[in-house]
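Shown below is the structure under consideration.
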Amino acid sequence: MQIPLLGLVDGNNFYASCERVFDPRVRGKPVIVLSNNDGCAIARSQEAKALGVRMGQPIHEVPNDIRKQCVIRSANFALYGDMSGRIVEVLRDLFPRVEVYSIDESFVSFEGVRDPIDLATEARRRILQWTGIPCCVGIGATKTLAKAGNKMAKGTPQGVVHVERAMLDAFSVEDVWGVGRKLTARLGAEGILTAGDLARADSETLRARYGVVLARTQMELNGQACADLEEVEPQRQELVVSRSFGREVTSLEDLSQAVATFAIRACEKLRARSLKANGVWLWLNTNPFKPGQPQYHPSRAFNLIRPTSDTREVLFVAQGLLKAMHKQGYAYKKAGVGLLDLVDSDVVQGDLFSPQDAPRASKSMEVMDSINQRFGRGTLGMASSGWKAKPAWGMRQENLSPAYTQRWDQLMRVR
DNA sequence: TCTGGGGTCCTAGGACCC
DNA sequence: TCTGGGGTCCTAGGACCC
């Protein structure tokens with residue numbers, strides 16, 4: 001039986017392209033999208049890349065004269081998520097199977113497709129026309145090969161590449177999916193410089209020296225699939241909400257508000273996915289970029305007696321953890337709340353000693369979620385998060401574009 | 001002055017058990 | 001001189017991904 005080919009469809013410079021769709025003034029100009037807190041460059045248009053702005057580069061390290069030539073935007077994840085959904089809709093129309101891999105990438109199957117290149121080209125055309133986002137498609141026998149093809153396709157006029165064996169010798173090993181900076185250095189020291197070198201390396205030695213992950217990557221480069229499409233999103237094991245603060249925070253009160261805000265948000269996400277958590281995890285961090293200051297990064301987890309998705313229970317635990325680990329005399333820069341050991345919300349673990357009050361509790365959470373969904377996040381809140389007050393620790397977002405596609409009051413105006 | 005957030009998987013080592 | 005062996009669970013840390 002012929003093994004069906006896989007494709008990887010990926011939005012070019014995705015966040016930067018999203019910014020351009022609704023704002024023609026920035027087309028053709030170098031665009032940089034920043035991480036939360038306006039910290040690092042997390043997306044760059046082709047023009048910004050040409051100016052030497054690197055992925056992940058702190059924006060304050062980009063020389064002033066370069067920065068002045070660029071349009072700089074704060075991350076607008078609500079907009080990008082919405083655009084991502086539109087692209088996936090197009091793909092589901094065209095392909096028999098689709099795996100949404102990340103906000104800007106989907107794997108597709110060419111099962112039963114006579115001419116993969118032709119269909120890939122049509123997908124590109126339709127996505128560009130219907131959403132305004134330019135895409136590339138890589139095609140290969142395995143996910144790793146499709147990823148490589150996608151990378152090769154960037155910058156070609158056709159935007160579609162079907163990977164052939166011979167192409168791997170011109171493909172740098174650092175661009176192989178699953179090979180990061182550390183592995184690139186170690187492999188390079190052994191003379192493994194291209195994907196072709198990696199594919200031909202002795203597999204036993206590779207397995208012994210680098211472990212099973214790289215051994216699988218090698219198999220995939222040789223056309224032997226180790227992973228199939230996952231059309232249903234696998235159940236998450238944990239869920240984390242964490243943020244750097246806009247400025248350093250010292251008081252327990254501010255910290256406590258931040259932790260409450262993250263805990264509330266985490267529970268909202270949990271309920272939106274119909275899950276419950278068996279544990280709560282909290283961590284704090286001082287500013288690692290100021291090694292002269294005293295550093296402290298405590299982390300502590302707490303196991304719950306039974307799984308919950310009730311914000312009040314999680315808040316109670318998170319605040320308890322905070323009190324246990326907070327120390328005076330440190331300037332905190334970041335905190336995170338994690339919900340651990342997640343299970344489906346219909347799983348009820350009986351407990352001999354607690355009353356069964358779950359239905360009532362979940363009802364009030366449902367009401368809160370539906371009000372917030374209808375009237376906007378934060379319409380109904382909890383006092384412990386310093387609800388609605390402008391917090392001392394809030395994030396910097398100085399160049400945020402409008403929520404063009406999610407809010408009536410921010411729709412584009414056409415005169 | 002200014003440095004992201006949310007995940008997964010694997011490995012090694014220690015504690016503990018029989 | 002001269003230690004048992006093997007299994008599980010937990011945690012911490014590393015590496016990678018987008």
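Throughout, a chain's letter reflects where its sequence line sits, starting with A, and its residues are numbered from 1.
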Exercise. For A:Glu248 and A:Glu238, take the nucleotide of DNA chain B holding the closest heavy atom to each; which residue's nucleotide lies nearer the 5' end?
Worked result: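 Per heavy-atom nearest nucleotide, the more 5' residue is A:Glu248.
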Problem set entry | Listed once per pair and sorted, the side chain to side chain donor-acceptor pair (under 3.5 Å) pairs that draw on residues 185-199 of chain A, sequence neighbours left out |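 Every pair satisfying side chain to side chain donor-acceptor pair (under 3.5 Å) with a residue in residues 185-199 of chain A: A:Glu190-A:Arg209, A:Glu190-A:Tyr210, A:Thr194-A:Asp197, A:Asp197-A:Arg200.
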For this session: Decide side-chain contact (heavy atoms from CB on, under 4.5 Å) for A:Ile133 and A:Phe14; before the verdict, give the C-alpha distance in whole Å, the side-chain angles of both, and the deciding distance to 0.1 Å.
Result: CA-CA 8 Å; A:Ile133 304 286; A:Phe14 184 63; 4.1 Å; yes
For this session: If a protein heavy atom is under 4.0 Å from the base, mark B; if only from the sugar-phosphate, S; if neither, -; do that for nucleotides 7-13 of chain C going 5' to 3'.
Result: -------
Exercise. NZ of A:Lys143 versus C1' of C:dC18: gap in Å, rounded?
Worked result: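 Interatomic distance, NZ of A:Lys143 to C1' of C:dC18: 14 Å.
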For this session: Output the residues of residues 67-76 of chain A in contact with DNA chain B, where contact means a heavy atom of the residue under 4.0 Å from an atom of the strand; sort by number or write none.
Result: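 Correct list: empty, so none.
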Exercise. Which residue pairs pass the ring pair (Phe, Tyr, Trp, His ring centres under 6.0 Å) test when at least one of the two sits in residues 127-176 of chain A, sequence neighbours left out?
Worked result: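 Qualifying pairs: none.
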Exercise. Starting at the 5' end of DNA chain B, what dot-bracket string do you get if Watson-Crick and G-U pairs under 3.5 Å are bracketed, crossing pairs use [ ], other-strand pairs use | and unpaired bases use dots?
Worked result: ....||||||||||||||
Exercise. Looking across every strand, which nucleic acid part, if any, lies under 4.0 Å from A:Leu239 by heavy atom: base, sugar-phosphate, or nothing?
Worked result: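 If one applies the 4.0 Å heavy-atom cut-off, A:Leu239 turns out to touch the sugar-phosphate alone, with no base involved.
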Exercise. In residues 181-200 of chain A, what residues come within less than 4.0 Å of DNA chain C, judged by heavy atoms?
Worked result: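 Per residue number, the list reads A:Arg181, A:Lys182, A:Leu183.
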Exercise. Around atom CD of A:Glu122, are there more than 12 heavy atoms of other residues, nucleotides or ligands at under 6.0 Å?
Worked result: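 Yes.
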Exercise. Should A:Trp281 and A:Ser299 be marked as a side-chain hydrogen bond (donor to acceptor under 3.5 Å, both in side chains) after you check the CA-CA gap, both sets of side-chain angles, and the distance that decides it?
Worked result: CA-CA 7 Å; A:Trp281 172 53; A:Ser299 161; 2.9 Å; yes
For this session: Measure from CD1 on A:Ile32 to C1' on B:dC2 and round the result to the nearest Å.
Result: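 A:Ile32 atom CD1 is separated from B:dC2 atom C1' by 14 Å.
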Exercise. Any sub-3.5 Å donor-acceptor pair from A:Asp344's side-chain atoms to A:Leu275's backbone N or O?
Worked result: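 No: the side chain of A:Asp344 does not pair with the backbone of A:Leu275.
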For this session: For A:Ser242, check side-chain hydrogen bond (donor to acceptor under 3.5 Å, both in side chains) against everything at least two apart and list the hits.
Result: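 Residues passing side-chain hydrogen bond (donor to acceptor under 3.5 Å, both in side chains) with A:Ser242: none at all.
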For this session: I would like to know whether A:Arg271 and A:Thr311 meet side-chain hydrogen bond (donor to acceptor under 3.5 Å, both in side chains); could you show each step before the answer?
Result: CA-CA 10 Å; A:Arg271 293 191 297 268; A:Thr311 301; 2.8 Å; yes
Exercise. Quick one: A:Phe107 CZ to C:dC17 C1', roughly how many Å, whole number?
Worked result: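 Taking atom C1' of C:dC17 as the reference, CZ of A:Phe107 is at 11 Å.
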I'd like a list of close polar pairs between nucleotides 3-5 of chain B and the protein, N/O only, cut-off under 3.5 Å.
residue, atom, partner, partner atom, Å
B:dT3, OP1, A:Lys333, NZ, 2.7
B:dG4, O4', A:Ser35, OG, 2.8
B:dG5, OP1, A:Ser244, N, 2.5
B:dG5, OP2, A:Ser244, N, 3.3
B:dG5, OP2, A:Ser244, OG, 3.0
B:dG5, OP2, A:Lys334, NZ, 3.1
B:dG5, O3', A:Arg243, NH1, 3.3

For this session: Scan A:Val62 against the nucleic acid and name what it touches under 4.0 Å (heavy atoms): base, sugar-phosphate only, or nothing.
Result: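 Contact class for A:Val62: none.
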Exercise. What is the distance, rounded to the nearest whole Å, between atom CG of A:Asp175 and atom C1' of C:dC17?
Worked result: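 Atom-to-atom, A:Asp175 to C:dC17, this comes out as 14 Å.
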Exercise. Do any pairs count as a ring pair (Phe, Tyr, Trp, His ring centres under 6.0 Å) and have a residue in residues 259-278 of chain A, sequence neighbours left out, and if so which ones?
Worked result: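 For residues 259-278 of chain A: A:Phe262-A:Trp393.
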Problem set entry | side chain to side chain donor-acceptor pair (under 3.5 Å): pairs with one or both residues in residues 316-337 of chain A, sequence neighbours excluded |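 Pairs touching residues 316-337 of chain A that pass the test: A:Ser256-A:Gln319.
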For this session: Evaluate the criterion side-chain hydrogen bond (donor to acceptor under 3.5 Å, both in side chains) for residue pair A:Ser45 and A:Glu47; output intermediate values, then yes/no.
Result: CA-CA 5 Å; A:Ser45 71; A:Glu47 298 81 0; 2.9 Å; yes
Exercise. Atom CD of A:Glu268 to atom C1' of B:dG6: distance rounded to whole Å?
Worked result: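 Atom CD in A:Glu268 sits about 17 Å away from atom C1' in B:dG6.
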Exercise. Is A:Arg247 atom CZ crowded by more than 12 heavy atoms from other residues, nucleotides or ligands, each under 6.0 Å away?
Worked result: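 Open.
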Exercise. Rounded to the nearest Å, what distance is computed from the CG atom of residue A:Leu339 to the P atom of nucleotide B:dG6?
Worked result: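 After rounding, the gap between these two atoms is 12 Å.
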Problem set entry | Distance, rounded to the nearest Å, where A:Arg236 contributes CZ and B:dG6 contributes P |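 Between P of B:dG6 and CZ of A:Arg236: 13 Å.
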For this session: With sequence neighbours left out, write down each residue that passes side-chain hydrogen bond (donor to acceptor under 3.5 Å, both in side chains) with A:Asp202, or none if nothing qualifies.
Result: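 Once residues adjacent in sequence are excluded, the partners of A:Asp202 under the side-chain hydrogen bond (donor to acceptor under 3.5 Å, both in side chains) criterion are A:Thr205.
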For this session: State whether A:Glu204 and A:Arg207 are salt-bridged, where the test is any N-O pair (Lys NZ or Arg NE/NH1/NH2 against Asp/Glu carboxylate O) under 4.0 Å.
Result: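 Salt bridge flag = no for A:Arg207 with A:Glu204.
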For this session: Check every strand shown and say whether A:Arg216 touches a base, only sugar-phosphate, or nothing at a heavy-atom separation below 4.0 Å.
Result: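 A:Arg216: backbone/sugar contact only, no base atoms under 4.0 Å.
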Exercise. When you measure from the side chain of A:Gln218 to the backbone N and O of A:Ala201, does any donor-acceptor pair fall under 3.5 Å?
Worked result: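 Yes.
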Exercise. What is the nucleic acid contact for A:Gln57, judged by heavy atoms within less than 4.0 Å: base, sugar-phosphate only, or nothing?
Worked result: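 The answer is nothing, as A:Gln57 stays clear of every strand by at least 4.0 Å.
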For this session: Please work out which of the three classes, parallel, tilted or perpendicular, describes the rings of A:Tyr404 and A:Phe22, given edges at 30° and 60°.
Result: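 The rings of A:Phe22 and A:Tyr404 lie parallel, inter-plane angle below 30°.
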Exercise. Tell me, which pairs form a side chain to side chain donor-acceptor pair (under 3.5 Å) where one or both residues lie in residues 23-32 of chain A, sequence neighbours left out?
Worked result: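 For residues 23-32 of chain A, and leaving out neighbouring residues, the side chain to side chain donor-acceptor pair (under 3.5 Å) pairs sorted by first residue read A:Asp23-A:Arg25, A:Asp23-A:Arg73.
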